[in-house]
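So the structure is just underneath, and the comments pick up after that.
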Amino acid sequence: MHHWLMKSEPDEFSFQELERKGQEPWTGVRNYQARNFMRAAKVGDLVLFYHSNCEEPGIVGVARISKEAFDDPTQFEPKSDYYDAKSTKDDPRWSCVEVSFHQAFKRLVSLPDLRACAALKDMLILRPGNRLSVTPVTAAEFKAIAGLGGIRK
DNA sequence: GCCAACGTTGGC
DNA sequence: GCCAACGTTGGC
């Protein structure tokens, strides 16, 4: 089992919205590295849900991979923001996974919280200029963050 | 709204 | 295949 961290702008799609809907296809990722991480994700993998570009950036809870990588439908939709004219059905460029709500944190784990935790000093997300929207997280990092969020994993 | 970091594009 | 220009991300 792998662990992941996925970023979302709450104005676009928030953790609360995931809780309400139950599950959501994670479409619109247009970065090859992030895409490759999604292709490696398996059903049941746990996902740290990160709110970015907002008042209080940080991790708000845990989601779960509920469907493994499949073709991101938005790449074929000319009207979509994520349309990719260079992608064909025979050779699609972009994948997505489906994520499901799993468990909300008791408290937000903010960026300063993450930075203050010695066990997390190697996290990809904390590296300057990191912009990947999907990154792998080690089991130890996952456990430490769940602890900071007030849930036991 | 600024700006640093970084991926992508395209001319050569 | 190099690299400058450009666009995007995301914290502050």
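By convention in this document, chain letters (A, B, ...) are assigned in the order of the sequence lines, proteins followed by strands, and residues within each chain are numbered from 1.
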Near DNA chain B, which residues from [range] have a heavy atom under 4.0 Å away?
range: residues 47-63 of chain A; answer: none
range: residues 76-94 of chain A; answer: none
range: residues 120-134 of chain A; answer: A:Pro128, A:Gly129, A:Arg131

Within 45° of the axis and under 6.0 Å from the centre of the six-membered ring of A:Phe76, does NZ or CZ of A:Lys89 qualify?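 Relative to the ring axis of A:Phe76, which defines the angle, A:Lys89 lies inside both limits.
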Judged by atom type as modelled, is there a donor-acceptor pair below 3.5 Å linking the side chain of [X] to the main-chain atoms of [Y]?
X: A:Ser80; Y: A:Tyr82; answer: yes
X: A:Asn130; Y: A:Arg127; answer: no
X: A:Asp84; Y: A:Lys86; answer: yes

Using a strict threshold of under 4.0 Å (side-chain N to carboxylate O), is an ion pair present between A:Asp72 and A:Arg93?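 Salt bridge: no.
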Is it true that atom NE2 of A:His102 has more than 12 heavy atoms of other residues, nucleotides or ligands lying nearer than 6.0 Å?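 Atom NE2 in A:His102 is packed in, count exceeds 12.
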Are A:Trp94 and A:Tyr32 close enough that their ring centers fall under 6.0 Å?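 Ring centroids of A:Trp94 and A:Tyr32 are less than 6.0 Å from each other.
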Could you tell me how the ring of A:Phe13 sits relative to the ring of A:Trp26: parallel (under 30°), tilted (30 to 60°) or perpendicular (over 60°)?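 A:Phe13 vs A:Trp26 ring planes: perpendicular.
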List, one per line, each side-chain donor-acceptor pair under 3.5 Å for residues 47-66 of chain A, sequence neighbours excluded.
unit_1	atom_1	unit_2	atom_2	d
A:His51	NE2	A:Phe15	N	3.0
A:Asn53	ND2	A:Glu9	OE2	3.3
A:Ser66	OG	A:Glu98	O	3.2
A:Ser66	OG	A:Glu98	OE1	2.8
A:Ser66	OG	A:Ser100	OG	2.8

Nucleotides bounding contact with chain A, strand DNA chain B, heavy-atom threshold 4.0 Å: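 Listing 5' to 3', DNA chain B meets chain A from B:dA5 to B:dT8.
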Qualifying residue for side-chain contact (heavy atoms from CB on, under 4.5 Å) with A:Asn31, from A:Asn36, A:Val134, A:Leu132: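 Only one option passes, and that is A:Leu132.
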Which pairs count as side-chain hydrogen bond (donor to acceptor under 3.5 Å, both in side chains) when at least one residue sits in residues 112-126 of chain A, sequence neighbours excluded?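 Output for this query lists A:Ser110-A:Asp113.
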Would you check if there is a donor-acceptor pair between the side chains of A:Ser95 and A:Arg35 at a distance under 3.5 Å?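 Their side chains do not contain a donor-acceptor pair, so the 3.5 Å distance test is not met.
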